[in-house]
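Working notes, structure below.
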Amino acid sequence: MRATATLPAADNALLDDSSISNNGPTAGHRRLAPSFPIMSQQSNNQENSTSLKGNSKDGSNGGTSTSTSSLTNAGPSSDGQFWNSTQRLAKKYRTEVAASASSVLSTMSTFPLDSVKTRMQTYKYAGFVDCVKQTYHTERLRGFFRGVTAPMLSITAVRTVSFSIYQRSKYAYSDWVKRHFGFDVMSHVASHGSLPNFWTVATFGAAGATAGSCITLIACPFELTKLSAQVSVLMADKKNCLKPGSHAIAASYQNKGTLKTMGNIVKHRGLGGLYTGFGLHLTRDTLGTAMYFITYESSKQLLTTFGGAGTHNNPFAVLIAGGMCGIVSWALIYPVDSAKSIYQRNSLMYSKGEKVEPVKIRFFQRNMYRGLGVSMARSCAVNAVFFSSFEFLKKRIKAMEDH
């Protein structure tokens with residue numbers, strides 16, 4: 001009786017089923033089961049184990065077969081999930097991804113022109129050709145790429161952050177205009193045959209100014225480092241020193257990499273020295289970035305209206321709009337950039353606490369426009385390459401199919 005009480009009901013049912021399936025004497029099994037419950041369970045376990053082994057050998061859904069199958073399928077499934085996640089992230093942040101890749105390409109391809117521009121701003125040359133000849137004679141090809149690491153890092157970061165801030169600001173200001181004045185800027189720009197007006201120019205300008213003012217915090221230390229590397233050889237020349245005691249400081253910047261140059265600036269001018277000329281830099285970037293995006297967006301809108309269907313997606317139209325925004329923005333803010341470059345160069349020859357004479361911004365004064373032609377050509381090339389690559393990559397990323 002005790003043995004019968006310890007046998008689960010499920011085992012009773014199992015035994016009854018097995019006795020039927022084996023066509024054995026039902027009564028005999030029923031008599032033996034209560035008397036030997038443990039043996040019956042062991043026998044059933046062995047049968048189940050044998051059944052599973054048999055299924056595995058037969059290639060059915062046995063334990064070993066299922067485990068091997070799941071392991072085999074885990075690899076491709078995991079790879080597929082990773083690829084899908086990467087695609088989703090790339091699509092979500094396609095503006096940032098396209099801006100980063102395009103910045104590297106455009107910066108490397110046009111950096112020699114930037115180097116010549118900076119030299120012509122800060123020192124006197126007979127002209128563009130004279131600057132190129134003297135630079136090559138004294139520093140060879142390396143002189144044209146001196147300091148390229150800093151802008152490679154800074155411009156990539158600056159453009160990525162700038163375009164991200166601009167995109168968000170553009171839609172935020174567009175929504176604000178729509179709520180308060182009832183004019184939908186983005187719908188107007190997208191509509192066929194539309195032209196730039198006050199609201200579109202104001203929205204793009206405000207968004208550009210917001211982006212420009214924010215990126216100055218990132219760009220200023222890197223741009224100062226780049227300038228130091230570009231003119232370090234010229235600063236080390238005693239005839240270019242502003243005062244007798246400044247030669248030792250000026251010479252200490254020669255032939256140093258990006259991080260060592262930053263360390264040298266901190267050594268002579270403290271941590272705040274990395275933001276030397278910040279006010280001029282902020283003015284330049286706020287005004288310049290506002291004009292930059294006004295010109296680019298308005299040019300694309302005009303090309304769409306007057307160029308016929310499909311012009312907006314035409315690579316040639318993107319080249320024109322990109323080149324135009326660089327030329328117009330630099331023409332506006334070039335004297336500010338010249339004043340910034342001269343002030344930063346002068347500051348590198350002074351130690352912390354020493355007074356550096358401020359440099360005034362003088363519009364329409366010839367010496368403030370030295371190197372403007374080179375700068376405009378460089379900016380046109382940079383932005384033509386950048387926007388062509390940017391629009392291409394952004395569209396390709398957006399067109400990627402989810403699997």
Side-chain angles (χ1 to χ4, degrees), residues 114-125 131 134-135 138-139 143 146-151 153-155 158 215-286 288 333-363 365-371 375:
D114 181 73
S115 184
V116 173
K117 182 266 298 183
T118 302
R119 290 164 184 267
M120 291 182 71
Q121 280 182 320
T122 52
Y123 292 95
K124 290 184 178 180
Y125 291 93
C131 181
Q134 288 197 38
T135 301
T138 56
E139 304 173 55
R146 196 180 296 279
V148 72
T149 306
L153 296 173
S154 65
I155 293 174
V158 163
I215 61 175
T216 306
L217 289 168
I218 304 172
C220 191
F222 286 99
E223 192 153 329
L224 178 63
T225 304
K226 178 199 74 172
L227 180 140
S228 170
Q230 288 176 330
V231 300
S232 60
V233 175
L234 294 168
M235 283 198 306
D237 193 336
K238 288 185 177 181
K239 68 180 181 182
N240 293 324
C241 292
L242 300 176
K243 58 189 183 72
S246 65
H247 178 259
I249 299 173
S252 68
Y253 289 98
Q254 191 171 1
N255 297 323
K256 281 184 168 60
T258 300
L259 294 178
K260 287 185 178 180
T261 299
M262 283 186 170
N264 205 40
I265 292 171
V266 173
K267 175 184 175 182
H268 292 295
R269 299 190 56 78
L271 280 173
L274 292 173
Y275 285 90
T276 299
F278 180 79
L280 290 167
H281 198 142
L282 179 64
T283 303
R284 186 202 70 177
D285 281 358
T286 303
I333 53 90
Y334 198 78
V336 182
D337 185 64
S338 291
K340 177 197 76 72
S341 297
I342 294 168
Y343 179 77
Q344 287 178 329
R345 179 209 61 185
N346 293 347
S347 299
L348 292 173
M349 301 185 192
Y350 289 82
S351 297
K352 185 179 180 181
E354 294 183 330
K355 185 180 178 181
V356 182
E357 291 295 324
V359 179
K360 293 182 179 180
I361 302 170
R362 293 184 174 90
F363 287 92
Q365 187 167 324
R366 187 171 182 177
N367 68 318
M368 300 300 286
Y369 289 90
R370 287 200 303 259
S375 185

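Residues Gln134 and Glu139 fail the side-chain proximity criterion, which asks for heavy atoms closer than 4.5 Å. With a 4.5 Å cut-off on side-chain heavy atoms, Tyr123 and Arg345 count as touching. Considering only heavy atoms from C-beta on, Val116 stays 4.5 Å or farther from Thr135 through its side chain. Counting heavy atoms from C-beta on, the side chains of Leu224 and Tyr275 never come closer than 4.5 Å.
In this structure, Pro335 and Phe363 approach most closely via the heavy-atom pair CG-CD2, 3.6 Å. Heavy atoms only, all atoms of each residue included: Gly143 and Ser115 are closest at O-OG, 3.5 Å.
Distance NE2/His281 to OG1/Thr276: 12.5 Å, rounded to 0.5 Å. In this structure, CG in Asp285 is found 11.0 Å from CG in Leu280, a value given to the nearest 0.5 Å. Of the inter-residue distances, the one linking Ser347 atom OG with Glu357 atom CD reads 11.0 Å to the nearest 0.5 angstrom. Separating the CZ atom in Phe222 from the CE atom in Met262 is a distance of 4.0 Å, to the nearest 0.5 Å. Rounded to the nearest 0.5 Å, atoms OG (Ser375) and OH (Tyr369) are 12.0 Å apart. Distance check, rounded to the nearest 0.5 Å: CD1 of Ile361 to CD1 of Ile333 gives 10.5 Å.
Judged as a side-chain contact (heavy atoms from CB on, under 4.5 Å), and not counting sequence neighbours, the contacts of Ile218 are Ala157, Val158, Val161.
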CA sep, side-chain torsions, deciding dist, call: Asp114, Lys226, side-chain contact (heavy atoms from CB on, under 4.5 Å): CA-CA 10 Å; Asp114 181 73; Lys226 178 199 74 172; 3.1 Å; yes

For side-chain contact (heavy atoms from CB on, under 4.5 Å), just list the numbers for Leu217 and Phe278, CA-CA rounded to whole Å, side-chain angles, deciding distance to a tenth of an Å, and then say yes or no. CA-CA 8 Å; Leu217 289 168; Phe278 180 79; 4.1 Å; yes

Working note: Ser341 + Leu227, criterion side-chain contact (heavy atoms from CB on, under 4.5 Å); need CA distance, chi angles, decisive distance, verdict. CA-CA 7 Å; Ser341 297; Leu227 180 140; 3.7 Å; yes

Quick one, Tyr334 with Met368, criterion side-chain contact (heavy atoms from CB on, under 4.5 Å). Give me CA distance, side-chain angles, the key distance, then yes/no. CA-CA 8 Å; Tyr334 198 78; Met368 300 300 286; over 6 Å; no

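Listed by first and then second residue, the salt bridge (charged side-chain N to carboxylate O under 4.0 Å, His left out) pairs that reach into residues 258-284 are Glu223-Arg284, Arg284-Asp337, sequence neighbours excluded.
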